[in-house]
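Notes follow the structure.
Each ligand, and each atom within it, is numbered from 1 in the order the structure gives. Quick caveat, the model's predicted, so the values are computed rather than measured.
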Amino acid sequence: MKDTEIARLIALETDRQNNQCELIASENYPSFDVREAAGSILTCKYSEGYPQKRYYGGCEYIDQVEQLAIDRACKLFNCKYANVQPHSGSQANAAAYRALEVTLQKEGKLKDRKMKILSMDLNSGGHLTHGSPVSFSSHLYDISFYPLNNDGKLDFDLIEKAIVENKPDVILSGYSAYPYQIDFSKFRELADKYDLKFIVDMAHIAGLVAAGYHQNPCDYADIVTSTTHKTLRGPRGGLILTNDEDLIKRINSAVFPYYQGGPLQHIIAGKAVCFREASTNEFKEYIDNVITNTRVFTERLRDLGCICTDTENHLMLLNTKESFGLTGIQAQNILEEISITVNKNMIQNDTESPKTTSGLRIGFAALTTRGCTSEDAISLANIIYYYLNGDIDKESAKEKVNLILSHLKNIETV
Ligand SMILES: *Cc1c(COP(=O)(O)O)cnc(C)c1O
């Protein structure tokens, strides 16, 4: 690369990623093929519109790329229609809400009022786009929330109570920091009982769904949105799925021209590669290992006396305040000293602010891509426990981390 300033920063970031244990639950390392597609000359091409319905000439190959991505997404998630153009998970959610809003307007249900969405309390693991005051979602829509129960789990009696109290038009499931399996069929029952539209945002668990390790929301929801870069291990981007012929038309109009302009065809090509990879037995085995690693890590922390959630997927929450007397941000910074990267996260009934928090969210999607074994996961639990507890010094902790790093795959050749 001729631009030495950017080349230098890319090299430094590559080194940083190679030389630390990535335990942020929303990150992953896509394959070389995904990155090659995402870095390809497809970036040059304008292709506003959809396959066979473009506003530009010269789209004969681009049409095939996008159609392959759509077909592979539909096959992977066993659903009828897909929109592969959203630039991110947040864009996918914006378009999904808009598609339902237009539908409800046509049904005459939104006379002089905003569409009402019932989503999960943000402190319990919902996403910004599910109604945070700093997100578009809370400005365009009337948002109310359902809580988790005292065990930190979804409780369909509490959810039904929130429906009766708030009378939403739409109910939303799928979260950023929920460590358990989600029973979408129960949401569907409530949606039918109260005549609600049902959206699932599977951004975090899409890889588990693809591999058959989670109930498939496409069997129950009106619209399913996702990212492609978390457990699904594709390029950074968004995805929308539905089985409803009328809804896909409204979803397509909501993505382009309502919210977006020209699609990122290089990223769409990367998504197509990722959807093919995610349909293999190798990927199934990978997801199996992610879940095992997260489970043995959590069990080890439990055995050592930590206060943390259980796990039934790729992530868990550790209460650092009760376990070590540290806030989430303190624990995050201390672990960064020994090249373990995690993010602070609100825990149930957190009394600290979102900038401080009382805990960490930890996941094994990224590290398992590099070949992390369950022995490594148990070692990491030991290192994290003894270092946060002040039982071992920085040098010996770093030495143990380096031992793990020494046999992990290079992030550029995973
Ligand atoms: C990560 C995430 C998103 C948003 O993804 P971006 O691509 O960062 O916009 C949306 N919903 C959930 C539940 C997420 O975890």
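- For the pair Arg233 and Tyr286, the cation sits on the ring face: its NZ or CZ lies under 6.0 Å from the ring centre, inside 45° of the axis.
- Looking at Gln64, its side chain never comes within 3.5 Å of a backbone N or O of Tyr61 through a donor-acceptor pair.
- For the side-chain contact (heavy atoms from CB on, under 4.5 Å) criterion with Met202, the lone passing option out of Val224, Leu208, Thr227, Thr231 is Val224.
- Atoms of ligand 1 found under 4.0 Å from any heavy atom of Tyr175 (numbered from 1 in listed order, with element): 13 (C).
- For atom 3 (C) of ligand 1, the closest non-hydrogen atom of the protein is His127 NE2, 3.2 Å.
- The aromatic rings of Phe156 and Phe187 sit perpendicular to each other, their planes meeting at more than 60°, with 30° as the lower class boundary.
- Tyr175 and Tyr146 have perpendicular rings, their planes meeting at more than 60° on a 0 to 90° scale where under 30° would count as parallel.
- Inclusion of Thr129 in the set of residues having an N or O under 3.5 Å from an N or O of ligand 1 is not warranted.
- Cation-pi contact between Lys114 and Tyr141: absent, since separation from the ring centre below 6.0 Å together with deviation from the ring axis within 45° is not met.
- Summary of contacts: the protein heavy atom closest to atom 5 (O) of ligand 1 is Thr227 CG2, 3.3 Å.
- Figure legend: Arg188 and Tyr220 shown without cation-pi pairing, the cationic atom not lying both under 6.0 angstrom from the six-membered ring centre and within 45 degrees of its axis.
- Listed by atom number, the atoms of ligand 1 under 4.0 Å from His204 heavy atoms are 15 (O).
- For atom 12 (C) of ligand 1, the closest heavy atom belonging to the protein is Asp201 OD2, 3.3 Å.
- An N or O contact shorter than 3.5 Å links Gly89 to ligand 1 by distance.
- Side-chain atoms of Arg236 never come within 3.5 Å of backbone atoms of Lys230 as a donor-acceptor pair (strictly under, hydrogens ignored).
- Residue-level proximity to ligand 1 for Gln91 is absent, since no heavy atom of it falls below 4.0 angstrom.
- Within the 4.0 Å heavy-atom criterion, the part of Lys230 lying near ligand 1 is the side chain and not the backbone.
- Residue His229 approaches ligand 1 through these ligand atoms, each under 4.0 Å from one of its heavy atoms: 7 (O).
- For atom 8 (O) of ligand 1, the nearest protein heavy atom lies 4.0 Å away or farther.
- By the 3.5 Å distance cut-off applied to N or O atoms, Ser90 is counted among the residues near ligand 1.
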